[in-house]
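All remarks here apply to the structure that follows.
Both counts, for ligands and for their atoms, begin at 1 and track the order of listing.
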Amino acid sequence: MRWDLFCRVVDNHGDLGVCWRLAADLAARGEMVRLWVDDATALSWMAPAGAAGVEVQPWPARDPGVEPGDVVVEAFGCELPPFFVGRMAARSLAPVWINLEYLSAEDYVERSHRLPSPQPNGLTKWFFYPGFTPRTGGLLREPGLIESRRAFDAAAWRSAHGVHPTPGERLVSLFCYANAALPALMKDLAREPTLLLATPGPAAQQARAVLGPSGQLGALRCIELPFLTQRHFDRLLWSCDLNFVRGEDSAVRAIWAGVPFVWQFYPQQDNAHLAKLEAFLSRYRGELPAGGGEVCAALWRAWNGASRWPGLPDAKSTAAWQAHALSWRDHLATQADLCTQLAGFVREKR
Ligand code: TRH
């Protein structure tokens, strides 16, 4: 089938990050994808080689005169150009029109997933929600991802990327927004030999400010990474003992990494992100052994500005958290991934 995928970059990298992964995953499964995006700049580092079967097009200011595909995906309610919607309505067999929503663990997701929204022109737009439970659209997970992760040679990857930890040094990745808890985190990390791998932007800037001119704090040192391709960003998360991620796409990748992670939710007005945090935590912490859930929740809340910094978990809690990260990853990997579910939904509606 031909898919038209529309994406507007609001800010940061998640909108395009998700759309690119979706486009590339669909294309790898034999679909033809046109990705219409208003700002494709970040693809120069996320996916410089592109992907066979994906055609990137600028957001159309005027009617480009192309026939809409069999499926039209409007990512995150980005509002399709009216002339394109007109052409969709004019097709003899109307495309399946999907509004792909943001990822959340909140209960409304199960209620809203797959709901129709009848449009004034007679077409139907369908709501499709990614999520963590079988009654949602699932998570992006390319075929073979978990197998690649299991077979991954972390030492080789690190050395190819100029990351040379000393024996016993803990590896921690940092991808975050402005975060008032970072100095406390770094102070805690500095108690044990730790190599912090900071991503470009707020993570590296804030880490640099904490470290000062010496570039070192106790047993903590830091490497500032360049922007990596999405493929290598995943492998960065696979290489670390603890990952700090933000937004939604990197959080999903941190889940697939199968190591402990802390998620900074995209800050929203009225602290709406804190409801997302609690909804996620209530699912994520469930299987942690007694006490472990509280330790983990306290850390996540503090990292999201909702409480005071509790300190990093001790070795016993960290080991339990590591085991949990693997079992939760393996549990989620038994659910159908988002592309599989999306393709099934489209077949059902056509
Ligand atoms: O950049 P983000 O904060 O994106 C956010 C969220 O998605 C948020 O919900 C949304 O509303 C807002 O954008 C507009 O975090 P996220 O979602 O993790 O996206 C980052 C993307 O960048 C992800 O696809 C991974 C990719 N990435 C790389 O490929 N290489 C890198 O080196 C880094 C740091 C990121």
Please work out, at 4.0 Å between heavy atoms, whether the side chain, the backbone, both, or neither of [X] comes within that distance of ligand 1.
{"X": "Thr199", "value": "side chain"}
{"X": "Asp11", "value": "both"}
{"X": "Phe227", "value": "both"}

Which residue and atom name correspond to the protein heavy atom nearest [atom], and how close is it?
{"atom": "atom 6 (C) of ligand 1", "result": "Gly247 CA, 3.6 Å"}
{"atom": "atom 33 (C) of ligand 1", "result": "Phe233 CD1, 3.6 Å"}
{"atom": "atom 10 (C) of ligand 1", "result": "Tyr102 CE2, 4.0 Å"}
{"atom": "atom 3 (O) of ligand 1", "result": "Tyr177 OH, 2.5 Å"}
{"atom": "atom 9 (O) of ligand 1", "result": "Glu248 OE1, 2.7 Å"}
{"atom": "atom 32 (O) of ligand 1", "result": "Leu228 N, 2.8 Å"}
{"atom": "atom 2 (P) of ligand 1", "result": "Arg246 NE, 3.5 Å"}

Verify whether one side chain among [X] and [Y] offers a donor that lies under 3.5 Å from an acceptor in the other.
{"X": "Trp36", "Y": "Asp4", "value": "yes"}
{"X": "Glu110", "Y": "Thr136", "value": "no"}
{"X": "Asn99", "Y": "Glu101", "value": "yes"}

(message) Please report whether ligand 1 has a polar contact with Tyr266, defined as an N or O pair separated by less than 3.5 Å (distance criterion only).
(response) no
(message) Can you confirm, on distance only, whether ligand 1 has an N/O atom lying under 3.5 Å from any N/O atom belonging to Gly17?
(response) no
(message) Quick check on Arg283: does its CZ atom have over 12 non-hydrogen neighbours (other residues, nucleotides or ligands) under 6.0 Å away?
(response) yes
(message) Under a 4.0 angstrom heavy-atom cut-off, which atoms of ligand 1 come close to Met46?
(response) 22 (O), 29 (O)
(request) Grab the two heavy atoms, one from Thr194 and one from Leu189, that are nearest each other, plus how far apart they are. (result) OG1-O, 3.1 Å
(message) Between Pro68 and Phe84, is there a side-chain heavy-atom distance shorter than 4.5 Å?
(response) yes
(request) For residues Cys296 and Leu288, determine if any side-chain heavy atom of one lies less than 4.5 Å from a side-chain heavy atom of the other. (result) yes
(message) Less than 4.0 Å is my threshold; does some heavy atom of Thr229 fall inside it relative to ligand 1?
(response) yes
Of the choices [options], which has the non-hydrogen atom that lies closest to [atom]?
{"atom": "atom 24 (O) of ligand 1", "options": "Leu103, Asp249, Val252", "answer": "Asp249"}
{"atom": "atom 28 (C) of ligand 1", "options": "Phe265, Trp45, Trp20, Phe76", "answer": "Trp45"}
{"atom": "atom 13 (O) of ligand 1", "options": "Ala203, Gly14, Cys176", "answer": "Gly14"}

(request) Run through Arg91, Arg2, Arg34 and flag the one making a salt bridge (Lys or Arg N to Asp or Glu O under 4.0 Å) with Asp70. (result) Arg91
(message) Pair Lys125, Glu74 - check salt bridge (charged side-chain N to carboxylate O under 4.0 Å, His left out), show working.
(response) CA-CA 9 Å; Lys125 177 153 75 172; Glu74 180 179 341; 3.3 Å; yes
(message) With a 4.5 Å cut-off on side-chain heavy-atom distances among I, L, V, M, F, W and Y, is there a chain of contacts connecting Leu242 to Val252?
(response) yes
(request) Give a yes or no on whether a salt bridge exists between Arg150 and Asp330, defined as a side-chain N under 4.0 angstrom from a carboxylate O. (result) yes
